[in-house]
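The structure under discussion appears below in the form of structure tokens.
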Amino acid sequence: MTSSPRSGALAFWSDLPRDGRWLLSTVVVQFFGRGLTLPFTIIYLHEVRGFSLGLSGALMGLIAVVGLLVTGPVGAMVDRYGARRVLLAGQAFVVVGYVVLAFATDPAVAGLGLALTGVQLGVGWPAVNALVATVVDGEMRQRYYGVNFALLNLGVGVGGVIGGLVVDVEQPGTFVMAFLVNAATFLVPMAVLLGPLRHLHGRVDHPDGDAGSKEGYLAILRRPEVLWLAALSLLAAFVGYGQMEAGFPAFARQVSEVSTRVVGFAFVVNTVVIVALQFWVMNRVRGRRRTRVLALMAVVWAVAWLLLGVTGLMPGGLAAVVIVPAFHAVFGLGETLLQSALPALTNDMAPGHLRGRYNAISSGGFQAGTVIGPVAAGLLLEQGWAGAFIGVVVAGCLGIVGVAFVVGRRVTPEVDGVRRTAAATSSRGSGEA
């Protein structure tokens, strides 16, 4: 570890290996397309194609369900065939899916298109994180994941703003064009993987010389630290991203009683905070225990949810209008902590030949949380139990703190992000956990 590591965007870019630059260069373009359509897909299904709201919501749910179903097999395929090949297959699925969805006038056809995009959801996390881990390592890997998240949000944010200006329910062609543009954005990373990065495979051979496919999920899940990591991912999704499209907007509208414009502005604030603070945060957490960074993230999120809960005491007023976007600002700060720690912790914990499976386990826990979170929010808020909803998510945040400390006791300091000097390692012994 260098004594004075360089920081800042330019220094990070110059320190990245060539392959890392190519991988990172496509993130904004790809997620610009996602931002262009994601906020408006249910509007497209309901108001443009004429499906009922309930059916539209059920069709949207196919994305998460299919993603969760394919995550396990994808992790094994990454370890056997390499992350690059699997990622290319997932991108081909999503290109076809968005083209099908663009012209779908029948629920079955729309469901097919959404299911195909769900395949990419299941492929993306395990394959991308495993591929990145073969290109960058050590402290640079942790920084890469943080920068990737900031660029992802920049792309989604810009795409969402432009999508809001372009799509019009009175002109169905604008939605068709948006979905086709989204499909086209995936051709950019595909071109990079087939061109400048065609030499990558993203697979690490087993120490005994094979691809490691004989080591299945059951063997991995017998390791307590892996189970605790999956629990941490599930809780983080349940109190975090699982509530962003359900619990937060429902609470803001029904309990805080703010306008949809305020809700939309809150998401813009979230994106700005992430893009603005990601470099600052990842420089501050460098060399610190990742599990403690995750515990801090949970505390920040608990504060954010309590802040949102306060708006229930003053619904519809100026205070609610101010606090609802403030919630997303604080929540965004927590997201920068999450993305600076969790992917790096997962990939440093995993043996190289099993990174696909480890990332799939973490991804599966996360996706399960995004499925359970909206269900819990709907049940609690539909009954008018706003206080109970805030109590549940805050309790989940406190649960993350406890789980993070358990994980921290079960992994080595190096896996936890603490880089020790050779002298310290020699004096303290290599077997310390």
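None of these values were measured; they are calculated from a predicted model.
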Which is it for F186 and F93 under the ring pair (Phe, Tyr, Trp, His ring centres under 6.0 Å) test, yes or no, and what are the steps along the way? CA-CA 10 Å; F186 284 90; F93 272 103; over 10 Å; no

Around F265, counting heavy atoms of other residues, nucleotides and ligands shown, do more than 12 lie under 6.0 Å from its CZ? no

Any side-chain heavy atom of V281 sitting closer than 4.5 Å to one from L333? yes

Straight-line distance of I63 CD1 to L68 CG, nearest 0.5 Å: 13.5 Å

Side-chain heavy-atom pair L337, L294 within 4.5 angstrom cut-off: no

Worked check of side chain to side chain contact (heavy atoms under 4.5 Å, CB included) between L180 and Y98: CA-CA 7 Å; L180 292 179; Y98 278 122; over 6 Å; no

Check whether more than 12 heavy atoms from other residues, nucleotides or ligands sit under 6.0 Å from atom CE of M177, and answer yes or no. no

Checking the side chain of W301 only, and the main-chain atoms of F331 only, is there a donor and an acceptor separated by less than 3.5 Å? yes

Determine, using ring centers only, whether F103 and F179 are less than 6.0 Å apart. no

Keeping to residues at least two apart or across chains, list the side-chain hydrogen bond (donor to acceptor under 3.5 Å, both in side chains) pairs with something in residues 373-394. none

I'd like to check E335 versus Y241 (side-chain heavy atoms, cut-off strictly below 4.5 Å). Are they in contact? yes

Counting only heavy atoms not in R84, do more than 12 sit closer than 6.0 Å to its CZ atom? yes

Less than 4.5 Å apart, side chain to side chain, heavy atoms only: is that true for T41 and F175? no

Applied to residues 221-234, the side-chain hydrogen bond (donor to acceptor under 3.5 Å, both in side chains) test, sequence neighbours excluded, yields R223-Y358, S233-S362

With D19 via salt bridge (charged side-chain N to carboxylate O under 4.0 Å, His left out) - residues at least two apart: none

Considering non-hydrogen atoms only, spot the tightest contact between V371 and V375 and give its length. O-CG2, 3.4 Å

Between I361 and L229, is there a side-chain heavy-atom distance shorter than 4.5 Å? no

Mind checking whether Y144 and L16 have side chains closer than 4.5 Å, heavy atoms only? yes

Would the distance check show the side chain of H328 and the main-chain N or O of V269 forming a donor-acceptor pair, the cut-off being under 3.5 Å? no

Looking only at atom types and distance, does a side-chain atom of R21 sit under 3.5 Å from a main-chain N or O of W13, one as donor and one as acceptor? yes

Could you state the interatomic distance from CG (L88) to CG (L194), rounded to the nearest 0.5 Å? 5.0 Å

Please answer whether the main-chain N or O of Q367 pairs with a side-chain N or O of T370 as donor and acceptor at a distance below 3.5 Å. yes

Could you check whether atom CZ of R18 has more than 12 heavy atoms from other residues, nucleotides or ligands sitting under 6.0 Å from it? yes

Which atom of V95 lies closest to which atom of M190, heavy atoms considered: CG2-SD, 4.3 Å

Counterpart residues, salt bridge (charged side-chain N to carboxylate O under 4.0 Å, His left out), relative to R141 (two or more places apart): D348

Are the aromatic rings of F267 and F248 close, with centres under 6.0 Å apart? yes

Between atom CE of M140 and atom CZ of R286, what is the distance when rounded to the nearest 0.5 Å? 8.5 Å

Strictly distance-based, threshold 3.5 Å: is any side-chain N or O of T134 a donor or acceptor partner for the main-chain N or O of L131? yes

When you compare the side chain of S56 with that of L59, does any pair of heavy atoms fall below 4.5 Å? no

I'd like to know if the side chain of N182 reaches the main chain of A178, judged simply by a donor and an acceptor atom lying under 3.5 Å from each other, with no hydrogens or angles considered. no

Short question: side chain of Q142, backbone of A344 - any donor-acceptor pair under 3.5 Å? no

Apply side chain to side chain contact (heavy atoms under 4.5 Å, CB included) to residues L221 and L227 and explain how you reach the verdict. CA-CA 6 Å; L221 289 171; L227 283 174; 3.9 Å; yes

Using modelled atom types and a 3.5 Å cut-off, is there a donor and acceptor pairing between side-chain atoms of R355 and backbone atoms of P351? no

Extract all donor-acceptor atom pairs below 3.5 Å that involve side chains of residues 149-173 and protein atoms in other chains or at least two apart in sequence.
unit_1: N153; atom_1: ND2; unit_2: F149; atom_2: O; d: 2.9
unit_1: D168; atom_1: OD1; unit_2: E170; atom_2: N; d: 2.9
unit_1: D168; atom_1: OD2; unit_2: Q171; atom_2: NE2; d: 3.4

If only atom types and distance count, is the side chain of Y217 paired as donor or acceptor with the main-chain N or O of G72 below 3.5 Å? yes

For P196 and A191, the nearest pair of non-hydrogen atoms, with its separation, is CD-O, 3.8 Å

Heavy-atom side-chain proximity of S340 to M297 below 4.5 angstrom: no

Examine distances only and state if a side-chain atom of D416 and a backbone atom of V418 form a donor-acceptor pair shorter than 3.5 Å. no

All heavy atoms of G364 vs all of T71, minimum pair found to be N-CG2, 3.9 Å

Return a table of donor-acceptor pairs under 3.5 angstrom between the side chains of residues 113-130 and protein atoms on other chains or two or more places apart.
unit_1: T117; atom_1: OG1; unit_2: L114; atom_2: O; d: 2.6
unit_1: Q120; atom_1: OE1; unit_2: Q91; atom_2: N; d: 3.4

Test side chain to side chain contact (heavy atoms under 4.5 Å, CB included) applied to F327 and N270, step by step: CA-CA 9 Å; F327 158 82; N270 176 265; over 6 Å; no

Could you walk me through whether L308 and W305 pass the side chain to side chain contact (heavy atoms under 4.5 Å, CB included) check? CA-CA 5 Å; L308 183 67; W305 284 113; 3.6 Å; yes

